[in-house]
Amino acid sequence: MEKYLLDKNEVVLVIVDIQERLAAVMPDRQRVVDNCLHLIEASKLLNIPVLLNEQYPKGLGPTVNEISEALQLYEPLEKVTFSCCRGGAFLEALEASCKKKVILAGMETHVCVLQTVIDLLRAGYTVHVVKDATCSRTTDNFNTGAEFVRDAGAVITCTETVLFQLLEKAGTDEFKALSKRIK
């Protein structure tokens, strides 16, 4: 049961390729961006590290403004491989975080998200894929990607589940701040 539990002291948030040109063709763009903003706010409030990845920014553009502006530091890890794990900078940053559980959001579920999840699982990480903070251009591709990562061993979750697992209890300042965001 341990893999299903999230503790704010054991996790890192990984955001994959939510970039201008890619996001522009996603029918669920705004849902994904909004939910990523909730996750980023929780990360700020709870001191959870965030790793931001960009796929070939020269071609796909930078991370969308809403997300880059919400981050305390905008330091994207650039890659040309589909998996974030296939470039050295990401794995080095992940290892430096000293966290073994990854909360993962991004685009596209059946390509870069999927390949990153597989590599993270192979490397011994527990991965929670935030389904309502991921997307693909088509519903079929999205569903296939989500089923694939679940079958591979990732936990499929949603933004509010992640937030409330990390918060653990009501009544705190962090709970009040995040509750206002999701209403």
Side-chain angles (χ1 to χ4, degrees), residues 1-19 22-23 26 28 31-40 42-43 46-55 63 67 76-168:
M1 295 306 291
E2 183 63 29
K3 87 175 201 174
Y4 297 101
L5 303 174
L6 292 176
D7 179 313
K8 66 184 178 188
N9 300 308
E10 298 175 347
V11 301
V12 59
L13 173 61
V14 172
I15 300 174
V16 179
D17 307 344
I18 303 181
Q19 295 162 253
L22 188 58
M26 297 295 155
D28 294 324
R31 172 184 53 86
V32 170
V33 169
D34 289 345
N35 286 325
C36 282
L37 292 173
H38 297 323
L39 295 168
I40 290 168
S43 295
L46 301 171
N47 296 311
I48 295 168
V50 179
L51 298 178
L52 176 71
N53 296 275
E54 290 182 348
Q55 173 73 28
T63 297
I67 290 177
L77 301 166
E78 294 183 15
K79 63 187 181 71
V80 292
T81 58
F82 297 119
S83 171
C84 296
C85 298
R86 302 286 169 108
F90 172 75
L91 282 178
E92 289 171 13
L94 183 58
E95 289 170 8
S97 77
C98 299
K99 311 296 182 185
K100 290 304 280 180
K101 290 189 178 181
V102 174
I103 300 166
L104 197 134
M107 299 176 179
E108 285 190 80
T109 308
H110 69 293
V111 182
C112 294
V113 168
L114 169 77
Q115 290 186 36
T116 300
V117 169
I118 297 303
D119 283 343
L120 287 170
L121 292 169
R122 287 177 67 206
Y125 289 89
T126 300
V127 184
H128 285 237
V129 176
V130 188
K131 192 173 180 183
D132 60 357
T134 63
C135 65
S136 294
R137 284 169 296 180
T138 70
T139 301
D140 285 342
N141 285 341
F142 173 74
N143 290 335
T144 299
E147 290 169 14
F148 194 130
V149 297
R150 173 181 278 141
D151 290 348
V155 176
I156 302 295
T157 190
C158 63
T159 300
E160 287 194 23
T161 297
V162 169
L163 297 178
F164 289 108
Q165 276 191 296
L166 295 172
L167 288 167
E168 294 184 30

With a 4.0 Å cut-off, would you call Arg31 and Asp34 a salt bridge?
no
I'd like to check Phe82 versus Asp119 (side-chain heavy atoms, cut-off strictly below 4.5 Å). Are they in contact?
no
Heavy-atom pair of closest approach, residues Asn35 and Ala133
CB-CB, 3.9 Å
Given Lys79, which partner from the list Thr116, Asp17, Asn53 fulfils the side-chain hydrogen bond (donor to acceptor under 3.5 Å, both in side chains) test?
Asp17
Cys158 SG to His128 NE2 distance, which is reported to the nearest 0.5 Å
12.0 Å
Any side-chain donor paired with an acceptor under 3.5 Å for Thr159 and His38?
no
N-O pairing of Lys101 and Asp7 below 4.0 Å
no
Answer whether the closest heavy-atom distance between the side chains of Leu46 and Val11 falls below 4.5 Å.
no
Donor-acceptor pair, side chain of Thr157 and main chain of Val129, under 3.5 angstrom
no
Distance, nearest 0.5 Å, that separates CG of Leu6 from CG of Leu167:
11.5 Å
What are the two closest non-hydrogen atoms of Ala152 and Leu121, and how far apart are they?
O-CD1, 3.7 Å
Would the distance check show the side chain of His110 and the main-chain N or O of Asn143 forming a donor-acceptor pair, the cut-off being under 3.5 Å?
no
With side-chain contact (heavy atoms from CB on, under 4.5 Å) as the test, pick out the partner of Pro49 among Ser97, Cys98, Ser43.
Ser97
side-chain contact (heavy atoms from CB on, under 4.5 Å) partner of Cys36, chosen from Val130, Leu13, Thr134, Ile67:
Ile67
Taking the side chain as C-beta and beyond, is there a heavy-atom pair between Thr63 and Ile15 under 4.5 Å?
no
Pairing residues for Thr138 by the side chain to side chain contact (heavy atoms under 4.5 Å, CB included) criterion, not counting sequence neighbours:
Asp140, Asn141
With a 4.5 Å cut-off on side-chain heavy atoms, are Leu77 and Cys84 touching?
no
Could you check whether any side-chain N or O of Lys99 sits under 3.5 Å from a backbone N or O of Asn9, counting only pairs where one atom can act as donor and the other as acceptor?
yes
Any side-chain heavy-atom pair of Met107 and Cys135 under 4.5 Å:
yes
Does Phe148 reach the side chain of Val117, with side-chain heavy atoms less than 4.5 Å apart?
no
Closest non-hydrogen contact found for Tyr125 with Glu95 is OH-CG, 3.8 Å
Do Leu104 and Leu120 make a side-chain contact, defined as non-hydrogen atoms from C-beta onward lying under 4.5 Å apart?
yes
Any heavy-atom pair between the side chains of Leu5 and Glu2 that's under 4.5 Å?
yes
Write down the atom of Val149, the atom of Ala146, and the distance for their closest heavy-atom approach.
CG2-O, 3.4 Å
Check for a donor-acceptor pair, side chain of Glu108 on one end and backbone N or O of Gly145 on the other, with a separation under 3.5 Å.
no
